[in-house]
Amino acid sequence: MNKNISHLYQIAQKESRKIIGLMSGTSLDGLDIALCEISGSGQNTAVKLLEFETIIYSEDIKIEIRKVFAKKNIDFEQLVVLNEWIGILHANMINDALKKWNIPACEVDLIASHGQTVLHAPKFLHQLEKFPNATLQIGDGDHIAVKTGIITLSDFRQKHIAAGGEGAPLAVYGDYFIFGKKGENRIMLNMGGIANFTYLPASLNPEETFVTDTGTGNTLIDLFVKHNFPEKSYDKDAEIAKNGKVNQILLYHLKDHDFFRQSFPKTIGPELFGYEYVQNAMLKSSQNTISVEDLLATLTRFSAETIAEAIQLAVKNTSYRIEDFKIYISGGGANNPLLVRWLKELLPCHFYKSDDLGISSDAKEAVLFAILANETVSGGAFNFGTKKGIPSITMGKISLPD
Ligand SMILES: Nc1ncnc2c1ncn2[C@@H]1O[C@H](COP(=O)(O)OP(=O)(O)OP(=O)(O)O)[C@@H](O)[C@H]1O
Ligand SMILES: CC(=O)N[C@H]1[C@@H]2OC[C@@H](O2)[C@@H](O)[C@@H]1O[C@H](C)C(=O)O
C-alpha cells in the first residue's frame with residue numbers, strides 16, 4: 001500500500017485529528033488559518049480551536065488577485081500562474097504559522113484549503129442555458145501538500161455543484177453539526193464580503209434546515225471606501241457611514257433586483273454586487289451626486305435590510321416566532337457597529353457572537369473547512385434529506401505530499 005494511503009487510513013481511525021482549516025474570502029483581506037482538534041463526525045463532531053491567525057495579504061497579492069477577481073474578461077495566463085502562486089503562498093503562510101506556534105508539521109494530520117474564489121457563476125447569474133452552475137477556487141492543493149508535507153484536501157465546492165448545488169454556501173455542513181441545538185431556534189449569520197446564514201430551527205429537523213446567501217455584506221462598502229479613499233480598505237467601525245444619512249430613493253433602487261426575489265437557497269458574489277451595480281442604481285434613482293458619507297450609510301443600510309428581510313422570510317410561514325430566534329453573528333461585518341445596530345433594530349431576535357458558542361467569529365469559516373475535511377476522511381454518514389437543497393455528500397480533493 002502507498003505509505004500516504006496507509007497514513008490517511010490511520011488518520012481516519014484516530015480518536016481525534018489535528019486539522020488546519022484555511023479560508024481566504026471575497027474581501028481579499030488575507031488568509032485565515034485555524035488549527036483545530038476535531039473528534040467524532042456528523043452530529044458527534046467536537047471542535048477545539050487550538051490556534052488561529054489571519055495572515056494579511058500584501059498589496060502585491062491583492063493587486064495580482066484583483067486582475068482576475070470577479071471579472072468576466074481576464075488575461076488567461078494570469079489565472080494560470082496565479083493558481084500555482086497562491087498555492088505556494090498559502091503553503092508558505094502555513095509553514096510560517098506552524099513555526100510561530102512551535103508546532104512541527106508531523107503533528108498536523110490534515111490541511112483543508114478553500115483556495116481563493118476568483119469567479120462564482122451560478123446559473124442565475126451566467127444565464128447560459130446549456131451550462132451548469134459554476135464556481136472557481138484557485139491555489140492548487142498539491143503545492144500545499146508538497147511544501148508542508150501534510151495531506152491536503154482542497155477544492156471543496158465542485159462536488160457540491162456535481163451533486164446539484166451551486167457550490168455554496170457550505171456553512172450548513174459545519175453549523176448543523178457544531179451549533180445545532182434541539183429546542184433552540186438558532187441562526188448562524190456570517191457577514192463577510194457576502195452575507196449568508198444557516199437556519200437551524202428548534203426541531204433540528206435536517207429537512208427544515210437550510211443555508212443561503214442574502215446578498216452583499218461588506219463587499220460594496222469596501223469597494224466604495226477604496227474608490228474614495230485609496231489609502232483605506234474598509235470603513236473601520238463605520239466611522240464614515242456614521243456621518244452620513246441613508247438615501248431612501250437610492251436604497252429602494254439598490255434593493256430592486258431579481259436576486260432578492262429568488263427563493264432560498266441562493267448564492268451570489270461580487271460578480272453582481274460590484275461598481276456597476278451601484279452606478280446603475282444611482283442612475284435609475286437620479287442620486288449620482290450624493291456625498292460619500294451618505295453613499296456609505298446607504299450601502300451599510302442595504303446590507304442590513306437585505307439580511308434582515310431574508311431572515312424574516314426564513315421564519316415566515318413556519319410555526320416558529322421570530323422573537324424566539326437567537327442570531328449568532330460572525331465574519332468581519334460583526335465588527336461594524338452601524339451594521340450590527342441596524343440589524344438589532346430591524347430584527348426582534350436575541351443577538352450573540354459565534355464566540356459565545358466557543359468559536360471566534362473571525363475563525364468560523366476556516367474552522368468550517370477543517371470540519372468538511374474531517375467528514376470526508378472520517379464521517380459522511382449524515383443525511384440532510386432532499387427538501388432544502390443540501391446534498392448529502394463529502395467534499396474535497398486529496399493531495400498527497402510525495
Ligand atoms: N472594525 C470593523 N469595522 C467595520 N468593518 C469591519 C471591521 N472589521 C472588519 N470589517 C469588515 O469585514 C471585512 C472582512 O470580513 P471577512 O474576513 O469576514 O470577509 P471574507 O471572509 O473575505 O468574506 P466572505 O465570507 O464573503 O468570503 C472587511 O473587509 C471589512 O469590510
Ligand atoms: C463561492 C464562494 O466563495 N462563496 C463564499 C462567499 O463568502 C460568503 C458567501 O460568499 C458564501 O456563499 C461562501 O463562503 C462560505 C464559507 C460558505 O460556503 O458557506
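All values below come from the heavy atoms of this structure, side chains included, with hydrogens, waters and symmetry mates left out. Counting from 1, the numbers follow the sequence of the chain as shown.
- Looking at N247 and Q287, their side chains do bring a donor and an acceptor atom within 3.5 Å of each other.
- In this structure, F197 and I327 have side chains that are not in contact, with every pair of non-hydrogen atoms separated by 4.5 Å or more.
- Listed for the T45 side chain is no donor-acceptor partner under 3.5 Å among the backbone atoms of I178.
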From CA spacing to verdict: side-chain contact (heavy atoms from CB on, under 4.5 Å), E305, T214: CA-CA 10 Å; E305 288 196 9; T214 64; over 6 Å; no
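- To the nearest 0.5 angstrom, I94 atom CD1 is 8.0 Å from H90 atom NE2.
- Surrounding CZ of F229 are more than 12 heavy atoms belonging to other residues, nucleotides or ligands, all under 6.0 Å away.
- Between L98 and I20 the shortest side-chain heavy-atom distance falls below 4.5 Å.
- In terms of heavy atoms, A238 sits closest to L338 at CB-CB, 3.6 Å.
- Side chain of K344 to backbone of F351: no donor-acceptor contact under 3.5 angstrom is found.
- Within 6.0 Å of NZ on K284 lie no more than 12 heavy atoms contributed by other residues, nucleotides or ligands.
- Q116 places no side-chain N or O within donor-acceptor distance of the main-chain N or O of I138, the cut-off being under 3.5 Å.
- In summary, K242 and D235 do not engage in a salt bridge, as defined by a charged side-chain N under 4.0 Å from a carboxylate O.
- Under the side-chain hydrogen bond (donor to acceptor under 3.5 Å, both in side chains) test applied with H114, the options Q137, R157, E365 reduce to a single match, R157.
- Residues D258 and R261 are paired through a salt bridge, judged by an N-O separation under 4.0 Å between the basic side chain and the carboxylate.
- Using cut-offs of 30° and 60° on the angle between ring planes, the pair Y328 and Y352 is parallel.
- The shortest side-chain heavy-atom distance between D142 and L400 does not fall under the 4.5 Å cut-off.
- In this structure, Y320 and Y199 have perpendicular ring planes: the angle between them is above 60°, well past the 30° mark.
- Heavy-atom minimum distance, H143 versus I88: ND1-CG1, 3.5 Å.
- Side-chain atoms of T219 never come within 3.5 Å of backbone atoms of T216 as a donor-acceptor pair (strictly under, hydrogens ignored).
- Put simply, the residue from Q10, H7, K14 that forms a side-chain hydrogen bond (donor to acceptor under 3.5 Å, both in side chains) with D109 is K14.
- Under a 3.5 Å cut-off, the side chain of D155 and the backbone N or O of G396 do not form any donor-acceptor pair.
- The number of heavy-atom neighbours closer than 6.0 Å to CD of E231, taken from other residues, nucleotides and ligands shown, is above 12.
- Taking the six-membered ring where tryptophan is involved, the planes of F384 and Y176 are perpendicular, since the angle between them exceeds 60° and thus also 30°.
- At least one donor-acceptor pair under 3.5 Å links the side chain of N374 to the backbone N or O of G40.
- Pairing each heavy atom of G193 with each of S27, the nearest pair is N-OG, 3.4 Å.
- Both cation-pi conditions hold for K266 and F259: the charged atom is under 6.0 angstrom from the six-membered ring centre and inside a 45 degree cone around its axis.
- The distance from atom CD1 of I329 to atom NZ of K364, rounded to the nearest 0.5 Å, is 11.5 Å.
- In this structure a side-chain-to-backbone donor-acceptor pair under 3.5 Å is missing from D402 to V146.
- Side-chain atoms of D355 and S360 include no donor-acceptor pair closer than 3.5 Å.
- The pair K100-E53 meets the salt-bridge criterion, since a charged nitrogen lies less than 4.0 angstrom from a carboxylate oxygen.
- Around NZ of K48, the count of heavy atoms belonging to other residues, nucleotides or ligands within 6.0 Å does not exceed 12.
- Note: F224 and Y234 fail the aromatic proximity criterion, with ring centroids not under 6.0 Å apart.
- Shown here is E345, whose CD atom has more than 12 heavy atoms of other residues, nucleotides or ligands within 6.0 Å.
- Within the 3.5 Å criterion, the main-chain N or O of S39 finds no donor-acceptor partner in the side chain of E15.
- Considering only heavy atoms from C-beta on, I322 comes within 4.5 Å of C349 through its side chain.
- In the displayed structure, K387 atom NZ is contacted under 6.0 Å by at most 12 heavy atoms of other residues, nucleotides or ligands.
- If you check the side chains of S330 and N190, you find a donor sitting under 3.5 Å from an acceptor.
- A 6.0 Å sphere centred on CD of Q13 holds more than 12 heavy atoms belonging to other residues, nucleotides or ligands.
- If you take CD on E107 and CH2 on W101, they are separated by 13.0 Å, rounding to the nearest 0.5 Å.
- Relative ring orientation between Y173 and H160 is described as perpendicular, the plane-to-plane angle rising above 60° on a 0-90° scale split at 30° and 60°.
- No donor-acceptor distance shorter than 3.5 angstrom exists from the side chain of E323 to the backbone of P348, with no hydrogens or angles considered.
- Ring planes of H257 and Y277: tilted class, angle from 30 to 60°.
- Q158 places a side-chain N or O within donor-acceptor distance of the main-chain N or O of T135, the cut-off being under 3.5 Å.
- Around NZ of K245, the count of heavy atoms belonging to other residues, nucleotides or ligands within 6.0 Å does not exceed 12.
- Between the OG atom in S399 and the CG atom in L110 there is a gap of 11.5 Å [rounded to 0.5 Å].
- Here the closest non-hydrogen pair linking N133 and I161 is O-CG2, 3.3 Å.
- Closest approach of I371 and F177 over heavy atoms only: CG2-CD1, 4.5 Å.
- A salt bridge does not link K388 with E207: every distance from a Lys NZ or Arg NE/NH1/NH2 to an Asp or Glu carboxylate oxygen is 4.0 Å or more.
- At a cut-off of 3.5 Å, with distance as the only test, a side-chain donor of T267 or H120 sits close to an acceptor on the other residue.
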